[in-house]
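Worksheet: one structure, shown below.
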Amino acid sequence: MTSRRYAPVLLRLVAVVMTLALLAGSGAMVSRAQDEERGGTLTWAFILKPRSLDPNVWTGRSDNDVMRQIFDSLVYSPAPGEYVPWLAESWEISEDGTVYTFTLREDVTFHDGTPLNAEAFKATYDRMLDPETRSLQVGNLGPYESTEVIDEYTFAINLTEPFAPLMANLSSTQLAPGSPAAFEEFGEQYAQSPVGTGPFMFDRWEGNDLYLVKNPDYNWAPEGMDHQGPAYLDEIVIREVAEPATRMVTLQTGEANVTHYPVFEEVASYEEQGFQVYRADTPGFAKSMPINIELAPTDDLLVRQAILHGINRQQVIDLIQAGYANVANGPLTRPSFGYDPAVEEMYPYDPERAAALLEEAGWVDGNGDGIREKDGQNLSVQMIMFDSGPNKAMAELIQAMLTELGFEASLDVTAYDAFASRVTEGTYNLAEMNWTALDPHLVLFNMFHSGEVTGGGQFNRTRIQDPELDELIARGRMATDPAEREEVYAEIQQYVMDNALILPIWDNAWITLTAPNVQGLRFDLEGRPLLYNVWVE
Amino acid sequence: MLLGVSLAVFSMLHLLPVDPVEMLIMDSTTGTAPTSGVTDEMMDNLRRELGLDRPLPVQFASFVGNALRGDLGMSFRNNRPVSEMLAEQLPYTIRLTLAGLGTSVVLGLTLGILAGLRPNSWIDSASMLLATFGVSMPSFWLGLMLIYLFALRLQALPALGVGSPQALLMPAIALGFHGSAIIARLTRSSILEIMGSEYITTARAKGVAESFVVLRHALRNALIPVVTVVGLEFGSLMSGAVITETVFARPGIRRLAVRGILEKDFPLVQGFVLFIAVIYVLSNLIVDLCYAWLDPRIRFE
């Protein structure tokens, strides 16, 4: 009897001793883990199977998230307009802004063992210019003339005229060097088996799943990363999960530990459950609806201003993005180089002011049907939108808000191709635009230059054609002095908003969700994850 | 026939008001281009490199000529041979199609026979209710519900439909449920009709066991309309199960084709359509052969 009574006490004692021993052991393990034991596999529920992993030829937004892990750039940009060494140790820009001379690190090799040298850069850019490569990234080189190899580790990029966005472009993946030996070896298959200098190497495809492995030789991370040497993660698996609801579920089931393009309504509840939510606000062109100034009634400035005052943008963000974005007030987002805060006060939400502007323009509801008329014509606007991500819901909400103001708003939500042909025809009042870009020139040129109204994607959907604006855009491209560029871009932002050319809605924000045990995730300026710093606990 | 299909899809693609080169420079997910300052020169170069500057009859002739040699051309967007892309995705499509079809047949026949043997019983009502449910329920909804229940709540099955054998289970059910409803209804009415016929009475009079009567005499004859449906269903599952593939994140030629259509990747779409046409022809042939086997009165001259 007595032995039985004491047995549980004994067991408990043993348990306590064992727990203490375990605690002591794990304490030692934790400190060692911090030094060298970080690692793990990251499985990423990815929106779309990367079609190409060749950054010099073609990049989709999501493809580039993968390329960033495989390819390093000449320079790294920690803040808009600021550059620190990465593959380049130092650089010099000629007085007239047409010759960029770079001196490379001497200890860098590609994943296939090819040394990184000046010839590799020349091979990369020559290949981009070869028509057979069909590169869509040539534009990033601007008025490019040639690459000149000065010695083993020094080369110069020669331009025919100054091109201020070049440094920003060089910091992105599009102009990252690829292995010349791999260009030769893989030919057209290179896009499926890329060879860069980055912290992760292409390993293999399995079905639609892409496997990357750690580059064990990596020792050239740019300043500002949390460590030097190889990445922590052993392996990255990119699994295509196209359906948003399924992507969210894979985090719960543990089939993935990171995902993006979430179902916004669910993000808050995931955060409550301990999943980590990251939001990266990126530079570039805000999520906007460009307003066609050639088609009535939006050819009238007063009508355009009424639209800007009459749309409750914060409410749009709350309902469509679950609050995960800042209200946009102009063409450029807040983190952009040259962003001018002066636009913030120009068009506050003010439905009464919107109504007054419409009345001033002669649009009144005479017959009481809720729709304003002038000269027997209804105040009708045509909205076009392509069905992707939040677009449809956003457009429907704005359509309802316009109706509230007395517009007769029609909305066509279609696939991108049909949307593009409507843009070509010019049969719309409000279209769509958003664009993440490191340098403001890229987006401002596309959206407002007279040469972009037709051809090449028809990105000038406001259809403004003003020599004065063209001149400003050209000055922004050519100016080598950053202060002068900032002034020019402030002027362009003012021009755009004075003329109410676009309805800005939100500043682009990219949301990433990870499992609670994924540590160290950070993002570059373009909102691309830098998995170099990540480990799984 | 295959030539007709090729011509039809070729004409449809080229009649579209959209320029494939315009689409090529775009990322249709974000609606942005990968680069700024796309020049007319760049677009002309692309058009030339892709062979889109040639007259349409020449383009069609070269497509047919190459297809006869098994070369379906290079995908515009992916810059890879279309036949290679289709071949890579095909095993996944076939596996899912067969699993879905298997689900349809097993579930459909079982419910159909049970209902047909006991008309107006509770089994009959329950089966037919399930069948109505199956016909009217969209497969993506069923798929999401299955994921919610088995992957999220019970944690019994993976949410992603690829990787392990049990991963195929939910996609197969989501895909096959609709077909099983049709098969169940067809089997029920055939069985009902046949069980009343004279040769069944004869068979029973001979003292043949009831199970043998049903399986050997009744089912064999009842299967003919079912085989027709299964044949058609095979073709449509091979070409049309894109939603199930998307919900369960499975690779497959159908999703490849849908992206191709959205991005105006002409060679990819043409190659896919030609391939599916071949599948339809083959599955019709197999169905015809099955008729002859099931009913010896059907013989080919």
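Hydrogens, waters and symmetry mates are skipped; everything else that's a heavy atom, side chains included, is used.
Interface remark: A:T424 contributes no atoms to any contact with chain B (heavy atom separation under 4.5 Å). Heavy-atom distances place no part of A:R247 under 4.5 Å from chain B, backbone and side chain included. Using a 4.5 Å cut-off between heavy atoms, A:A191 makes no contact with chain B at all.
Between A:R51 and B:D265, none of the side-chain N atoms (NZ, or NE/NH1/NH2) sits under 4.0 Å from a carboxylate O, so this pair counts as no salt bridge. A salt bridge does not link B:E245 with B:R255: every distance from a Lys NZ or Arg NE/NH1/NH2 to an Asp or Glu carboxylate oxygen is 4.0 Å or more.
Looking at residues two or more places apart in sequence or on another chain, you find no side chain to side chain donor-acceptor pair (under 3.5 Å) involving A:T250. Applying the side-chain contact (heavy atoms from CB on, under 4.5 Å) rule to B:E49 yields the partners A:P131, A:E132, A:R134, B:N45; only residues at least two apart in sequence or on another chain are considered. Shown here are the side chain to side chain donor-acceptor pair (under 3.5 Å) partners of A:Y428, two or more places apart in sequence or in another chain: A:R463.
Within residues 5-13 of chain B, no residue has any heavy atom under 4.5 Å from a heavy atom of chain A.
Checked against a 6.0 Å centroid threshold, the rings of A:F419 and A:Y416 count as neighbours.
Contact count against chain A (heavy-atom pairs under 4.5 Å) is highest for B:L160 among B:V247, B:L160, B:L152, B:L46.
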- Message: Using side-chain hydrogen bond (donor to acceptor under 3.5 Å, both in side chains), reason through A:Q137 and A:S135 one step at a time and then give a plain yes or no.
- Response: CA-CA 5 Å; A:Q137 302 294 1; A:S135 171; over 6 Å; no
